[in-house]
Amino acid sequence: MLPRLHIVTDSLDIVRGVLGHGPVAVQIRVKTNDREAYALTCAALELCRPAGALCLVDDRIGVALAAGADGVHVGADDLPVAAARRVLGPGPVIGATCRNPSAARAAVADGASYLGVGPAFATGSKSGLPDPIGPDGIAAVSRAVPGTPVIAIAGITAGRVSELDCYGVAVISAVAADPAGATVEFLRALAAHPGLGVSDLSLGASHPGLGGSDSWAAALGESDSSGVSDSAAGASASASRAGDRQ
Ligand SMILES: Cc1ncc(COP(=O)(O)OP(=O)(O)O)c(N)n1
Ligand SMILES: Cc1ncsc1CCOP(=O)(O)O
Ligand SMILES: [Mg+2]
C-alpha cells in the first residue's frame, strides 16, 4: 500500500531524518543531472530498504531502473505516463502530476499508480507554477479518480492536512528544519485525518504498481522497523491501522 506521506528531497540528510518514524515514501528529486541523481538514489536506497520505506525517483526513469528504485514520479515535462508504464512494466510505482479531474482520469487510464496533485497552496519551493487549486481543487480530483491515491503537493504543513480531502501529501520545505519531528507531526496529522478515499480505497495487485511488491508491507510500517521512537509509535500504529482499512 502506498504511504500517505511523501518526502520530496535532494538531500541524504533529509532522507536519514525522515526514516524510522512510520510509513513514508521518499522521492529523490535532483534537478542537476543523471549522475548526481543516480548517486543520491543509490545512497537513499541503502537507507530506505532497511527502514522499509518506499523510494521513488522524480523525472528520471533511467535512474530509477538503474538504481533499482521502487518507481518514478513524472510530470508534464517528463516521459508521458503511458510511455513510462511501457518502459517500466506493471510492477513499479508510477506517480503522475495532475491539476484537474480530466487530466487525472487520463493519467489513471494510462497506467498511473497514484497522482501528485497541486499546487494545493502557494509554495516557495518551485517557481512557474499555476495558481493554487486549493482544498476544493484537490477534493475535485480525488472524487474524479476513486480507487487511485491522490497525493496533494505545495505549501502543505502538518497543520493544513485536515483541510485536504485526499489520500496523502507530499512535502519539501515543511520537513527541512526538523525532518524527524516534522515527519512525526505529519504522520500524526494524517492518522487523525482519514482523508478522502483512504478508508475505501482498495489497492489490489491489479492496480498498476501497487500491491505486487513485498516492499509495500514494509513501506507501510507493518514490519518491525528499527528506530521507531516511542513518541512516533502511536502515529505509526495509527497510520498502519488507517492503511489496514483499505
Ligand atoms: C507527489 C508529487 N507531485 C507532484 C510533483 C511535481 O512533479 P513535476 O510536475 O514533474 O515537477 P518537478 O517535481 O519535476 O519539478 C512531484 N514531484 N511529486
Ligand atoms: C515539486 C513541486 N511540484 C509542485 S509544488 C512542488 C514543491 C512543493 O514544495 P513545498 O512542500 O515546500 O511547498
Ligand atoms: Mg518532473
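Every value quoted in this text rests on a predicted model; they were computed, and no experiment measured them. Atoms within a ligand are numbered from 1 in the order they appear, just like the ligands themselves.
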Need the ligand 1 atom indices (1-based, order shown) with element for anything under 4.0 Å from a heavy-atom of [X].
X: Ile153; result: 2 (C), 3 (N), 4 (C), 5 (C), 16 (C), 18 (N)
X: Lys31; result: 12 (P), 14 (O), 15 (O)
X: Arg29; result: 12 (P), 13 (O), 15 (O)
X: Lys126; result: 11 (O), 12 (P), 15 (O)
X: Ala170; result: 1 (C)
X: Asp78; result: 10 (O)
X: Gln27; result: 1 (C), 2 (C), 16 (C), 17 (N), 18 (N)
X: Asp59; result: 10 (O), 14 (O)

Counting only pairs under 3.5 Å, give me each side-chain donor-acceptor contact of residues 173-185, with atom names and distances, residues two or more places apart or in other chains.
residue, atom, partner, partner atom, Å
Asp178, OD1, Gly181, N, 3.0
Thr183, OG1, Pro179, O, 2.6

Original post:
For atom 3 (N) of ligand 1, which of Ala76, Gly75, Gly116 has the closest heavy atom?
Top reply: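 Minimum heavy-atom distance to atom 3 (N) of ligand 1 goes to Gly116.
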
Check for a donor-acceptor pair, side chain of [X] on one end and backbone N or O of [Y] on the other, with a separation under 3.5 Å.
X: Arg29; Y: Thr9; value: no
X: Ser142; Y: Val150; value: no
X: Tyr167; Y: Leu2; value: yes

Taking all heavy atoms of [X] and all of [Y], pick out the closest pair and write down the distance.
X: Gly71; Y: Pro92; result: CA-CB, 4.2 Å
X: Ile28; Y: Ala44; result: CD1-CB, 3.6 Å
X: Leu47; Y: Arg16; result: CD1-CG, 3.7 Å
X: Val8; Y: Ala170; result: CG2-CB, 4.1 Å
X: Pro101; Y: Ala144; result: CB-CB, 3.6 Å

**OP:** Spell out, yes or no, whether Ile94 and Ile153 are grouped together once hydrophobic residues are joined by side-chain heavy atoms under 4.5 Å, including indirect joins.
**Re:**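 Not linked; separate clusters.
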
**OP:** Starting from atom 4 (C) of ligand 1, find the nearest protein heavy-atom neighbour and note its residue, name and distance.
**Re:**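 Looking at atom 4 (C) of ligand 1, the protein heavy atom closest to it is His73 NE2, 3.3 Å.
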
Original post:
Identify the closest protein heavy atom to atom 7 (O) of ligand 1: which residue and atom is it, and at what distance?
Top reply: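 Going by distance alone, atom 7 (O) of ligand 1 is nearest to Thr97 OG1, 3.0 Å.
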
**OP:** Return yes if a side-chain donor-acceptor contact under 3.5 Å exists between Arg85 and Ser113, otherwise no.
**Re:**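 Result is yes, a qualifying pair exists.
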
Original post:
Judged by modelled atom types alone, do Ser102 and Asn100 share a side-chain donor-acceptor pair under 3.5 Å?
Top reply: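 Checked: Ser102/Asn100 side chains pair up, N/O donor to acceptor below 3.5 Å.
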
Subject >> Protein N, O or S atoms under 2.8 Å from the Mg ion (ligand 3) >> reply: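 N, O or S atoms of the protein closer than 2.8 Å: 2.
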
**OP:** Assess whether atom CG of Asp77 is packed by more than 12 heavy atoms of other residues, nucleotides or ligands within 6.0 Å.
**Re:**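 It does not: Asp77 CG has 12 such atoms or fewer within range.
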
Original post:
Under a 4.0 Å N-O cut-off, is there an ion pair linking Asp70 with Arg49?
Top reply: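 Salt bridge present between Asp70 and Arg49.
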
Original post:
Taking any residue with a non-hydrogen atom under 4.0 angstrom from an atom of ligand 2, which ones do you get?
Top reply: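 Shell around ligand 2 (4.0 Å, heavy atoms): Arg29, Thr123, Ser125, Lys126, Leu129, Ile153, Ala154, Gly155, Val171, Ile172, Ser173.
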
Name the atoms and distances for all side-chain donor-acceptor pairs under 3.5 Å in residues 52-69, with sequence neighbours left out.
residue, atom, partner, partner atom, Å
Asp58, OD2, Lys31, NZ, 3.4
Asp59, OD2, Lys31, NZ, 2.4
Arg60, NE, Val30, O, 3.1
Arg60, NH1, Asp34, OD1, 2.7
Arg60, NH2, Val30, O, 3.0

Subject >> Heteroatom proximity flag, Asp58 to ligand 1, N/O under 3.5 Å >> reply: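 Checking ligand 1 against Asp58, an N or O pair does fall under 3.5 Å apart.
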
